[in-house]
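Atom set for the values below is all heavy atoms of this structure, side chains included, hydrogens, waters and symmetry mates excluded. Computed from a predicted model, the values in this text were never measured in an experiment.
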Amino acid sequence: MLSLTDDHGVGHALEGPAVDWEGWRDVRFEVPETAGHPLTLSRGYLLEQDPGRTYTGEVVLDGIHAETAPEALPDG
């Protein structure tokens with residue numbers, strides 16, 4: 001899960017896929033169109049909803065970046 005804060009101070013929680021694989025994988029999160037820019041990544045975390053499950057191992061986050069659509073050029 002990623003927590004973002006937009007330029008209006010509004011928080012956005014972005015839920016990713018269940019981590020059920022080994023090895024590297026590219027994971028993408030869709031940011032709501034209503035989120036004001038710029039955005040700040042507040043935190044990233046893993047969440048297990050079943051308190052009876054336990055795990056060992058590690059998760060590595062690498063190369064976090066944002067892809068945005070180019071801004072429209074003004075008319076004229």
side-chain hydrogen bond (donor to acceptor under 3.5 Å, both in side chains): which pairs involve residues 51-61, sequence neighbours left out?
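The answer is E48-Y55, R53-Y55.
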Does any pair with a residue in residues 4-17 pass side-chain hydrogen bond (donor to acceptor under 3.5 Å, both in side chains), and if so which ones, sequence neighbours excluded?
T5-S42, D6-H12
Linking I/L/V/M/F/W/Y whenever any side-chain heavy atoms sit under 4.5 Å apart, do [X] and [Y] land together?
X	Y	value
V19	Y45	no
L46	I64	yes
L39	L41	yes
L61	W21	yes

Enumerate donor-acceptor pairs with a distance under 3.5 Å from any side-chain N or O in residues 24-34 to protein atoms, sequence neighbours excluded.
unit_1 : atom_1 : unit_2 : atom_2 : d
D26    : OD2    : R28    : NE     : 3.0
D26    : OD2    : R28    : NH2    : 3.4
R28    : NH1    : E67    : OE1    : 3.2
R28    : NH1    : E67    : OE2    : 3.2

For D62, what residues pass the side-chain hydrogen bond (donor to acceptor under 3.5 Å, both in side chains) criterion, not counting sequence neighbours?
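Once residues adjacent in sequence are excluded, D62 has no partner under the side-chain hydrogen bond (donor to acceptor under 3.5 Å, both in side chains) criterion.
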